[in-house]
Number of protein chains: 2
Amino acid sequence: MRSDLRHIRYFVATAEELHFRRAAERLGIAQPALSRAIQALEADLDVALFVRTNRSVQITTAGRVFLDGAREIIALTDRTMEEARTAHDGRMGELRIGYTDFAIAGALPNLLKGFQERHARVTLKPQHGVTLTQIKRLEEGQLDLGFVTGPITRDGFDQRVVQSEAFRCVVADSHPFARRDGLQIAELAKEDFVHGSSTDWQHFYDYLLPICRRAGFAPRIRQEAFNTAGILGLVSCGMGVTVLTERVCSALAPGLVTLPLLDVDERLVTSAVWRVDHLIGPARHFVDYLQDLPPAR
Amino acid sequence: MRSDLRHIRYFVATAEELHFRRAAERLGIAQPALSRAIQALEADLDVALFVRTNRSVQITTAGRVFLDGAREIIALTDRTMEEARTAHDGRMGELRIGYTDFAIAGALPNLLKGFQERHARVTLKPQHGVTLTQIKRLEEGQLDLGFVTGPITRDGFDQRVVQSEAFRCVVADSHPFARRDGLQIAELAKEDFVHGSSTDWQHFYDYLLPICRRAGFAPRIRQEAFNTAGILGLVSCGMGVTVLTERVCSALAPGLVTLPLLDVDERLVTSAVWRVDHLIGPARHFVDYLQDLPPAR
DNA sequence: TCGCATGATGCCGATTGGGTATCAATATTA
DNA sequence: TAATATTGATACCCAATCGGCATCATGCGA
């Protein structure tokens, strides 16, 4: 026999009443059942918790020690269950959010702030990851929500567009293009490019390549960096040019110039994505929050 | 269905393994039983704790919240049970000890100190009480051990003598008797006596009276006080004389003189007493400790 | 002495817990 | 592509546990 919460609840009532019939009434059971339950608990512990006669019930020293712990166990159990329910209905718990460089440079900070103001008991856990990594982690249940590049069409996933950005060319301020107001994409054909690492930035490259192809060239990538900050650093050193999006370019360090690509209408979309079968707890509230926002421009 | 510790243990194992067959093996039950138990727990909570396919088991946000609490509940339960056992076998817990003025002025402090050195996890709870009060509280289970005056012969009680004291007369240093080396009890016949309150000191009076009666008088009590300190205070103010015991008199304040009663052979005994049916936990260890001491002189 | 109060025990039926067998769905392998 | 393996869920059945009613044993008070 393993002692259960039932036994512990029966014990607390008996310890408080010190009278088996009254304790049984309080518990809504018959006195013999209570008598046997306490005996079973004592047998399991191999400890006398009460000294009883047919006239009186007294609690032992061990019983008093057990009573302190028993009250804590019950309180902790009730609290744990209540917190699980609260987490289930989304009012508390962790929300693991993945984000790309484009998301964190754009709409995401304000989204997180707005949501956090509405759900103070939810703990946001932002985790950087490129799009493909986020998708994998969503599948594995390691992320609740992702902010990724481009529309995602995948079974079991749903999404909502949260931002849409024009492409921009970034050059060093010493570059001949720096004094221009804008460029045609074809003018980059002979330039050295700086880009992200071939594994992590494959997804972004798959958006950039068709744009260049239409102008008759493939970007000649001479340098790779790990993230946008690294890319921009290499560009400002004159190692080449790059193409990023308007939000990433909106707060440039000195030494860099951003140029519109006048003949490029394509935009880079950032979407919030989630697994439909995992939309429970705080994630459900976040998606509700997103749906209530005006559409992204 | 009320969730039980069994469910909580099953849940923790499942949350740690994230695989029902392996968790069931670890718990020593069949996988279908585990499946059903987790479902029952989820139904009770009305919370999804896992997202399961036939390929994978993932824990939900609510599941993770519940896991934190579940681990605490199990640890607290195990600890509480262990402490109850420890208290039962006497290694820890409270020991409620009653004492008289005679006990605390005599052997008791050293006894408590000696026991405490041997049983550091036991908390001693000394509580002053006159003999009759202590007996009542032992019967009610409010005390574990008493240090009372005189031999106690009462069904269900056992005892051991811990000290034995001669009677002494105490007078103010301005009293004519103060320059004497000793007295006969009959010399007190005409004196005003200071004694304890008639209710609380009845038990002591029942020892004193036969001694005076044998010398042909009953003490003429003119003043009452609540305890020995009060009695001695009144005596030092010249309000009368008193008869106490040697230990209480051993550290007198200025203004008081102690005189042996040369023809009184009776001694006042202080005994440790306990209920035989209540000799469990730390009380048992204390009594063992007393039995190991040399007999009281 | 009798009546009452109180915890323990006996007997029985209902409910719960667990095992084996099987199913449904998916992934892997040949 | 078909066969096989894996995995959680469900069906059926039996054993164990829990709780109720009736009764017993004991002690106290009128």
Side-chain angles (χ1 to χ4, degrees), chain A residues 1-11 13-45 48-60 63 136 139-141 154-157 275-278, chain B residues 1-11 13-45 48-60 63 136 139-141 154-157 275-278:
Chain A
M1 202 288 284
R2 293 290 293 260
S3 295
D4 278 322
L5 293 168
R6 179 173 61 87
H7 292 99
I8 291 171
R9 288 194 162 99
Y10 288 178
F11 167 76
T14 307
E16 287 173 355
E17 295 284 344
L18 291 180
H19 188 291
F20 273 68
R21 179 183 56 76
R22 289 206 307 266
E25 280 173 3
R26 172 170 147 185
L27 293 162
I29 61 173
Q31 174 267 318
L34 178 61
S35 184
R36 280 185 295 237
I38 298 294
Q39 283 177 19
L41 175 61
E42 287 177 316
D44 187 41
L45 287 174
L49 299 169
F50 299 106
V51 176
R52 7 229 220 269
T53 69
N54 56 0
R55 286 284 118 186
S56 70
V57 178
Q58 289 164 9
I59 191 166
T60 62
K136 182 168 178 289
E139 282 172 344
E140 294 169 350
R154 203 170 183 98
D155 262 1
F157 280 62
R275 270 173 55 186
V276 173
D277 68 344
H278 209 71
Chain B
M1 201 292 284
R2 294 289 295 257
S3 295
D4 279 320
L5 292 169
R6 178 172 62 85
H7 292 98
I8 292 170
R9 290 196 160 99
Y10 288 359
F11 166 76
T14 307
E16 287 174 356
E17 294 285 343
L18 291 178
H19 188 291
F20 272 68
R21 180 183 56 76
R22 290 206 308 267
E25 282 174 1
R26 171 171 148 183
L27 292 163
I29 62 172
Q31 174 268 320
L34 179 61
S35 184
R36 281 184 298 238
I38 298 294
Q39 284 175 21
L41 176 61
E42 286 176 317
D44 186 43
L45 286 174
L49 299 170
F50 299 106
V51 176
R52 10 233 218 266
T53 71
N54 57 358
R55 285 287 118 187
S56 70
V57 178
Q58 289 163 7
I59 191 166
T60 62
K136 180 167 180 292
E139 282 172 346
E140 292 170 350
R154 202 169 184 99
D155 262 3
F157 280 62
R275 270 172 56 184
V276 173
D277 69 343
H278 210 72

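Every chain is numbered from 1, with letters handed out A, B, ... down the list of sequences. Values below: all heavy atoms of this structure, side chains included; hydrogens, waters and symmetry mates excluded.
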Between the base of [N] and the side chain of [X], is one N or O donor paired with an acceptor at under 3.5 angstrom?
X	N	result
A/Arg36	C/dT9	no
B/Gln31	D/dA9	yes
A/Arg6	D/dG19	no

Integer-rounded Å distance: [N] [atom2] and [X] [atom1]:
X	N	atom1	atom2	value
B/Leu34	D/dT7	CG	P	14 Å
B/Asp4	D/dC18	CG	C1'	12 Å
A/Asp277	C/dA25	CG	P	16 Å
B/Ile38	C/dG18	CD1	P	11 Å
A/His7	D/dT17	NE2	P	10 Å
B/Arg52	C/dT26	CZ	P	16 Å
A/Glu25	C/dA5	CD	P	13 Å
A/Phe20	D/dG19	CZ	P	14 Å

Just checking [X]: base, sugar-phosphate only, or nothing, at a heavy-atom cut-off of under 4.0 Å?
X	answer
B/Ala30	base
A/Tyr10	sugar-phosphate
B/Thr53	sugar-phosphate

| request: Verify the ring-centre separation between B/Phe50 and B/Phe11: is it less than 6.0 angstrom? | output: yes
Starting the side chain at C-beta, find the nucleotide from [options] nearest to [X].
X	options	answer
B/Ile29	C/dG19, D/dT10, C/dA24	C/dG19
B/Pro32	C/dT20, C/dA25, C/dG19	C/dT20
B/Ser35	D/dG20, D/dA9, C/dG18	D/dA9
A/Arg55	C/dG7, D/dG19, C/dA5	C/dA5

Should we count CZ of A/Arg22 as having more than 12 external heavy atoms under 6.0 Å?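 Counting neighbours around CZ of A/Arg22, more than 12 heavy atoms of other residues, nucleotides or ligands fall under 6.0 Å, so yes.
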To the nearest 0.5 Å, atom OG1 of A/Thr14 lies from atom CG of A/Leu49 at 10.0 Å
Between A/Leu45 and A/His7, does the side chain to side chain contact (heavy atoms under 4.5 Å, CB included) criterion hold? Intermediate values first, please.
CA-CA 11 Å; A/Leu45 287 174; A/His7 292 99; over 6 Å; no
Minimal heavy-atom distance between B/Arg52 and B/Gln39, with the atoms involved, is NH2-CG, 3.7 Å
